[in-house]
Each structure stands twice: as structure tokens, then as C-alpha cells.
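First listed ligand is number 1; within each ligand, the first listed atom is number 1.
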Amino acid sequence: MSQFALKIETSPTTKAAIAPALKVFYPPSPESKLELTPELMAEMEEASFRLETASPQEILRWATERFAPRFTMATAFGPEGMVLIHMLAEIAPATPIFNLETGYQFKETLEVRERVRERYGIEVELRQPETTVTEYEAQHGGPVYKTNPNQCCADRKLAVLTKAVVGMHAWASAIRRDQTPDRAVAPIVGWDKKFSLVKVSPLANWTKKEVWKLIAEHDIPYNPLHDQGYPSIGCWPCTRAVLFGEDERTGRWSGTAKTECGLHSLDTTPVDARS
Ligand code: SF4
């Protein structure tokens, strides 16, 4: 029997009743790994098509009703992530949310985590690599982000994410299609082959303007570095402020051909486009 067929039906009433109590990170359960079955592919294709014109809230509602408590979200506390956290706080506050704490994040970024706790009562879990920055750099004879940023991202982000999603069946992504060529082809619901998860992108059709409009309307916390010329913020060694008129992601891995850490690079394809 496929994992898809093992879906546990829970009434909306029951879910609403238990959700507030589920404040801890859902315990990983490796045996519950989701398998890509023809039924799941068909479901994703149908959902992605149907949700193409839905609001981000409607997409999140579908995702949490379908996959919780095995639905999770990773955030770097960017504006899009903050918008999703704000929506999840209303729709499904028990959703486990985590941050990949590489050891190279700005202190301002980590302070946003505190503001999320104060505003929403949501504890964003920090997931860290096995080595500290000092240990990692000692092992490699210096900062790996200078010599091999792809390796650094693989070690300090992708490997950590792979462990963090054990037992999960789906995750929310805060990507927008207009951010990068890779992201332009992201479906609303697709199969993330890199992590064997259903990937849901509620903001795929949103623009930067829509994101900031919601932030302003609801006084959603955001990283103060955005007001200092940093539209897109990752680790401090690989992020710079951008000049007026530059693309919002120009400041990431500036001066290199690298544009993604690997979390969202062509890892999700529309189910009807896969070979
Ligand atoms: Fe390393 Fe830079 Fe990737 Fe952060 S963004 S993990 S510092 S290469």
C-alpha cells in the first residue's frame, strides 16, 4: 500500500481542536517517508492546476489539511517567509517551522526569530550543521565559502535540511516565480525530488510589491537589513547590499555565477513535465 493510500483522515473540527496543543516540532519518523506513486503524482497535478488561481491562504489551508502534521516550512526570515509565517499563525500555528542556522547568518536575521516568537508565539527551530564554523573552517583550511561556495551550501544548508525533514511529507517554500529563472518554472504543488517531499509554493504567483503590501498592512516583523539596501539576505559572507536599480538577488554570491544555495534550484518540476 502506498503512503498516499495511508493518508489519515481527520475532521477539520478535530484538527482545530488539537492544533493549539501541538507546539513542539513533530517527532521525526523515518518509516513514514513519502513515496512518489502514480496516485500522488495525479493528486499533485490536479491540486497544482486547481490552486494556480487560489490565494496563498487557500493554498496553505489545502496543504495543512492534506499533510499536517507532516507539513513543515524552512525559513531564512526573508519577507516572503515572514508573510507565510503570518498566514500560518492564523491558519495552522502548530506547523513546525525551522531555520537553517549555518553559523554565518546576520545577527539581525536571528533577531527576527525572537520577534516571531513575541508576535505569534511560534518557536522557529534552529537546525545546525554538526560542526561549528570554527571547526568547519579548521577542517578545510579556511572559509569554504571563499573557495567552494557550492560545497559550503551543501554542507551547511542542504545536508542540514535533509535531516530536518525526516518524517515530513511536504514543505512550504516562500519562492516567487519572478525571482530567478529556476524559480520561474516552479509549480504551486510539485515533487521535490531532491528531498523526496511535496513542495508547496503559495507565493509563486505573488510579486515583491504584494509581499511588502501585506507586511505594511499587518505590521509583520521583517529583517531591518531590508531597509539598509539588502533586498535578499542569506549568510553574511555571501550577501551584499544592492545598488539602486540592481536586481533584488544581485547581492547574493555577488561576483560569482552562483544564484541559488541549492534548496530551490530546479528541484521541483511540474508533475506533467517530468520524465
Ligand atoms: Fe556557506 Fe555562503 Fe552558502 Fe552560507 S550562503 S552556506 S556562507 S556558501
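- Short contacts between ligand 1 and Lys157, defined as distances under 4.0 Å to a heavy atom of the residue, involve ligand atoms 5 (S).
- Between His86 and His218, the ring-plane angle classifies as tilted under the 30° and 60° cut-offs.
- Evaluated by nearest non-hydrogen atom to atom 6 (S) of ligand 1, the leading choice among Gly103, Cys153, Ala154, Pro143 is Cys153.
- The OG1 atom of Thr95 sits 10.5 Å away from the CD1 atom of Ile85 when rounded to the nearest 0.5 Å.
- Every atom of ligand 1 is numbered from 1 in the order shown, and the set under 4.0 Å from a heavy atom of Cys235 is 4 (Fe), 5 (S), 7 (S).
- Distances from atom 1 (Fe) of ligand 1 show that Cys152 has an N/O/S atom below 2.8 Å.
- Side chains of Ser201 and Arg177: a donor-acceptor N/O pair is absent below 3.5 angstrom, by distance only.
- Contact check on Arg61 versus Glu65 returns no salt bridge, with no Lys/Arg side-chain nitrogen under 4.0 Å from an Asp/Glu carboxylate oxygen.
- For the pair Arg156 and Tyr136, the cation-pi test (distance below 6.0 Å, angle within 45°) is passed.
- Residue Cys238 approaches ligand 1 through these ligand atoms, each under 4.0 Å from one of its heavy atoms: 2 (Fe), 5 (S), 7 (S), 8 (S).
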